[in-house]
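For reference, the structure is listed below as structure tokens.
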Amino acid sequence: MDNYVFGVDIGGTTVKIGLFGTDGTLCEIREIPTRTEHNGAEILGDISGSIRDMISGQDLAQEQILGIGMGVPGPVDREGTVNKCVNLGWGVFNVEQEMQELLGFKTKASNDANAAALGEMWMGGGKGYRDIVMITLGTGIGGGVIIDGKIVPGFNGAAGEIGHFTVNEDEPEACACGKHGCLEQYASANGVVRMAKKFLKEHDDETILRGNMIDEITSKEVFDAAKEGDPVALQLVENFGKMLGKALAHTACVINPQVFVIGGGVSKAGDIVLDVIRKYFVQYAFHASRGTLFKLAVLGNKAGMFGGARMILDETENV
């Protein structure tokens, strides 16, 4: 009789639920709305209802389910306690315990970026490596740290917040976190757009980026223009690479990963992203870390589900 695990990725808009075989095969995926009203009180109940439906639909016995692993958009400590998920409306509570009480299955939870990193290590861009740092370049910047194949959550679940390295003490604008000069303000998708708008408003240089309304520029357009050799776009991409490459060089001094896995929407620009990050990483890195590899993430928005499933398999293998 085959065994199965569930991997759950809880997002601010939708929840993705995957049923996995123990070999990493994704057998079924279901996506449901994230109901954030009433401080997210319905979320875990909706997830448990969907999991029951999936078990029934696949005609599985309860004893075939090894457990449920969840990626949560907020800090989660080693005991499974969430320390506020503002975009879900959650406060402080033990999400593992509540989920386990709803369904009766072993439950493990981690920050969503850490779960995604574990997923990429298992079946994605970091496959074949045991020490990785994953960077997600989206609206903001997320980070996940895996050492010897295990998530490093930190004391209260806040490890891997690479996006909030201070990289410019003179930045007048505030980051979403309230600090000034965070990496996220320069190297996230929003950060690249912010720097592009700032440059275009302050300079008169010729650039194909002026072909669109300045307020409608996207990070994709900046990287596409750089691929075409546009000098302004190339300058913006160089600044992006310098900020991120330096931050990852500092990260490598502490973590010393085998590989950095770069994911998120910005990573879809491809090799131009890896090349410019690597260029500055090598410039700033400690000599023993200069050979660190860079890979693109491959699992996309399924990475968190894969990581959730892997968390449960790690638990059962260590019993």
_Before you tell me yes or no, could you show the steps for R30 and D53 under salt bridge (charged side-chain N to carboxylate O under 4.0 Å, His left out), namely the whole-Å CA-CA distance, both residues' side-chain angles and the distance that decides it to 0.1 Å?_
CA-CA 10 Å; R30 184 171 296 196; D53 289 345; 3.7 Å; yes
Interatomic distance, [X] atom [atom1] to [Y] atom [atom2] [nearest 0.5 angstrom]:
| X | Y | atom1 | atom2 | result |
| --- | --- | --- | --- | --- |
| M54 | C27 | CE | SG | 9.0 Å |
| I43 | S48 | CD1 | OG | 12.0 Å |
| R78 | K108 | CZ | NZ | 10.5 Å |
| L118 | D314 | CG | CG | 6.0 Å |
| D224 | T218 | CG | OG1 | 7.5 Å |
| E96 | Q100 | CD | CD | 8.0 Å |

*For the residue pair Y186 and N168, confirm or rule out a side-chain donor-acceptor distance under 3.5 Å.*
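Distance-only check passes for Y186 and N168.
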*Could you tell me whether the side chains of N190 and T139 share a donor-acceptor contact shorter than 3.5 Å?*
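No, no side-chain donor-acceptor pair sits under 3.5 Å.
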With a 3.5 Å distance limit and no angle check, can you tell me whether [X] reaches the backbone of [Y] through a side-chain donor-acceptor pair?
| X | Y | result |
| --- | --- | --- |
| T34 | G11 | yes |
| E120 | A297 | no |
| D230 | I208 | yes |
| Q258 | L293 | no |
| Q64 | A61 | yes |
| T207 | R210 | no |
| N156 | D77 | no |

If Ile, Leu, Val, Met, Phe, Trp and Tyr residues are connected whenever their side-chain heavy atoms lie under 4.5 Å apart, and connections chain through other members, are [X] and [Y] in the same group?
| X | Y | result |
| --- | --- | --- |
| I146 | F294 | no |
| M243 | I272 | yes |
| F260 | I151 | no |
| M134 | F281 | no |
| I51 | V5 | no |

Heavy atoms, side chains only, cut-off 4.5 Å: are [X] and [Y] in contact?
| X | Y | value |
| --- | --- | --- |
| S289 | C253 | no |
| I68 | K106 | no |
| V133 | I162 | yes |
| T136 | I141 | no |
| F165 | T251 | yes |
| T81 | V95 | no |
| I217 | V222 | yes |
| T107 | M70 | yes |

Minimum-distance pair of heavy atoms, taken over all atoms of [X] and [Y]:
| X | Y | value |
| --- | --- | --- |
| N114 | V145 | OD1-N, 3.5 Å |
| A109 | V72 | CB-CG2, 4.4 Å |
| T36 | N87 | CG2-O, 3.6 Å |
| V266 | S219 | CG2-OG, 4.2 Å |
| E42 | R35 | CB-NH2, 3.5 Å |
| A174 | G178 | CB-O, 4.4 Å |

[atom1]/[X]: more than 12 non-hydrogen atoms of other groups inside 6.0 Å:
| X | atom1 | value |
| --- | --- | --- |
| K268 | NZ | no |
| E202 | CD | yes |
| K179 | NZ | yes |
| D204 | CG | no |
| K227 | NZ | yes |
| D23 | CG | yes |
| E79 | CD | no |

*Residues two or more places apart in sequence or in another chain: which of them pass ring-ring contact (aromatic ring centres under 6.0 Å, His included) with F93?*
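Residues passing ring-ring contact (aromatic ring centres under 6.0 Å, His included) with F93: W90.
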_F240: partners by ring-ring contact (aromatic ring centres under 6.0 Å, His included), with sequence neighbours left out_ = F223
*Mind running side-chain contact (heavy atoms from CB on, under 4.5 Å) on L183 and H164 for me, showing each step along the way?*
CA-CA 6 Å; L183 177 65; H164 298 289; over 6 Å; no
*asked:* Working note: E28 + Q58, criterion side chain to side chain donor-acceptor pair (under 3.5 Å); need CA distance, chi angles, decisive distance, verdict.
replied: CA-CA 9 Å; E28 182 183 352; Q58 294 282 346; 2.9 Å; yes
Does this structure show an ion pair linking [X] with [Y], if we count only N-O contacts that are shorter than 4.0 Å?
| X | Y | result |
| --- | --- | --- |
| K279 | D275 | no |
| E238 | K242 | no |
| R194 | E171 | yes |

_Under 6.0 Å from the ring centre and within 45 degrees of the ring axis: does the NZ or CZ of K246 meet both conditions for the six-membered ring of Y280?_
no
*Would you please test D46 and V15 for side-chain contact (heavy atoms from CB on, under 4.5 Å) and show each step?*
CA-CA 9 Å; D46 289 345; V15 179; over 6 Å; no
*Going by the angle between their ring planes, with limits at 30° and 60°, are W122 and F20 parallel, tilted or perpendicular?*
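Tilted.
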*Given side-chain contact (heavy atoms from CB on, under 4.5 Å), test I17 with M305 step by step and report yes or no.*
CA-CA 7 Å; I17 305 167; M305 291 190 304; 5.6 Å; no
_Run the side-chain contact (heavy atoms from CB on, under 4.5 Å) test on T22 and L66 for me, step by step, so that the C-alpha distance in whole Å, both residues' side-chain angles and the decisive distance to 0.1 Å come before the verdict._
CA-CA 9 Å; T22 55; L66 299 178; 3.9 Å; yes
